[in-house]
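This report refers to the structure that appears directly beneath it.
Read the numbers this way: they start at 1 and go in the same order the structure lists the ligands and their atoms.
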Amino acid sequence: MAKLVITIDGPAGSGKSSAAKLLAARIGAAFLDTGAMYRAATLAAMQNRCDLNDIKQLEKIIDETNFEFEMKSGQMAVKINGSDITEEIRDPQVTANVYFIASAQSLRERLVRMQREIAAEYEKIVTEGRDQGTVAFPDAEFKFFLTADSAQRAKRRAKELTGNGHKVDINKLQEEIEKRDKQDTTRKIAPLIPAADAKLVDTTSLTLEQVVEKILELIKK
Ligand code: DC
C-alpha cells in the first residue's frame with residue numbers, strides 16, 4: 001500500500017477530480033480517478049453488447065478485459081484491451097449506464113481490488129471517487145468530502161462538456177446530476193456518504209485554487 005493515501009470523495013461536479021489532480025501535482029503524488037474506472041468497465045460492457053442487468057455477464061467482461069490507467073499530461077489516460085478510450089468514457093450514454101456497474105457488490109469488489117493494486121505501486125497517491133474514504137481506503141491518512149449545490153455543479157459539468165464539443169441543456173444536466181446523486185447516495189452498496197473521519201469542503205463559491213489551498217491547510221493542521 002502507498003505510504004500516503006489521500007481520498008477525495010463527493011458527488012458529480014463537486015470539483016473533486018480537478019482538485020485531486022492539482023493536489024497530486026502540488027505534493028508530487030500519483031492521481032487516481034476511480035469514476036473513470038467505473039466508466040471504462042461500463043464502456044467495455046456496452047461494446048460487448050452485454051445485458052447490463054446480467055451481473056454474470058458483467059463480471060466476465062471485467063475479468064476478461066485488460067484495463068490500463070495511466071497519468072498522461074494531467075489527465076488519466078484509459079485503455080481497454082490496448083485501445084485508448086479516454087474521451088469515449090465521458091459520453092453521456094456511458095454516464096447514464098454506469099449505474100449498472102456501480103450498484104453491484106461483486107463488480108465494485110473487483111474495481112476496489114484494482115484500486116488497491118494501483119495504490120500499492122506508489123509512495124503517495126490522491127484517489128478520488130465516491131467510496132474511497134469509506135470502502136477502498138478506510139485507513140487513509142487524510143480524507144476529504146467535497147460538496148457544492150447542484151446548480152453550480154451543473155454549470156461546471158456544462159463547461160466541461162461544451163469544451164469537449166457536446167451540446168448541453170443546463171436544466172436537463174442539473175436534473176441528471178440530481179438523479180445521479182439520488183442513485184449514488186441511496187444505493188445499498190458503498191453509497192456516497194462522507195467517511196466519519198472525512199473533512200467536508202463546500203466548493204460552491206470556491207475556485208479550484210482555493211479548494212486545493214483549503215485542503216492543504218487542513219492537511220497541515
Ligand atoms: O466521478 P464520475 O462522474 O466520473 O463517476 C461516474 C460514476 O461512477 C458515478 O455516477 C458513480 C460511479 N462511481 C462509483 O460508484 N464509485 C466510485 N468510487 C467512483 C465512481
So the side chain to side chain donor-acceptor pair (under 3.5 Å) pairs with at least one residue in residues 137-147 (sequence neighbours excluded) are K143-D197
Can a donor-acceptor pair be found between the side chains of R156 and T203 at a distance below 3.5 Å?
-> yes
Near ligand 1 (heavy atom, under 4.0 angstrom), the protein residues are K16, T34, G35, Y38, R39, R90, V98, A102, R108, G129, R130, D131, Q132, R157, R180, D184, R187
Practice problem: Verify the distance criterion only: is there a donor paired with an acceptor across the side chains of Y99 and R180 at less than 3.5 Å? | Solution: no
So the side chain to side chain donor-acceptor pair (under 3.5 Å) pairs with at least one residue in residues 212-221 (sequence neighbours excluded) are R26-E213
The complete set of side chain to side chain donor-acceptor pair (under 3.5 Å) pairs with one or both residues in residues 5-22, sequence neighbours excluded, reads S17-E128
Any side-chain donor paired with an acceptor under 3.5 Å for S106 and E59?
-> yes
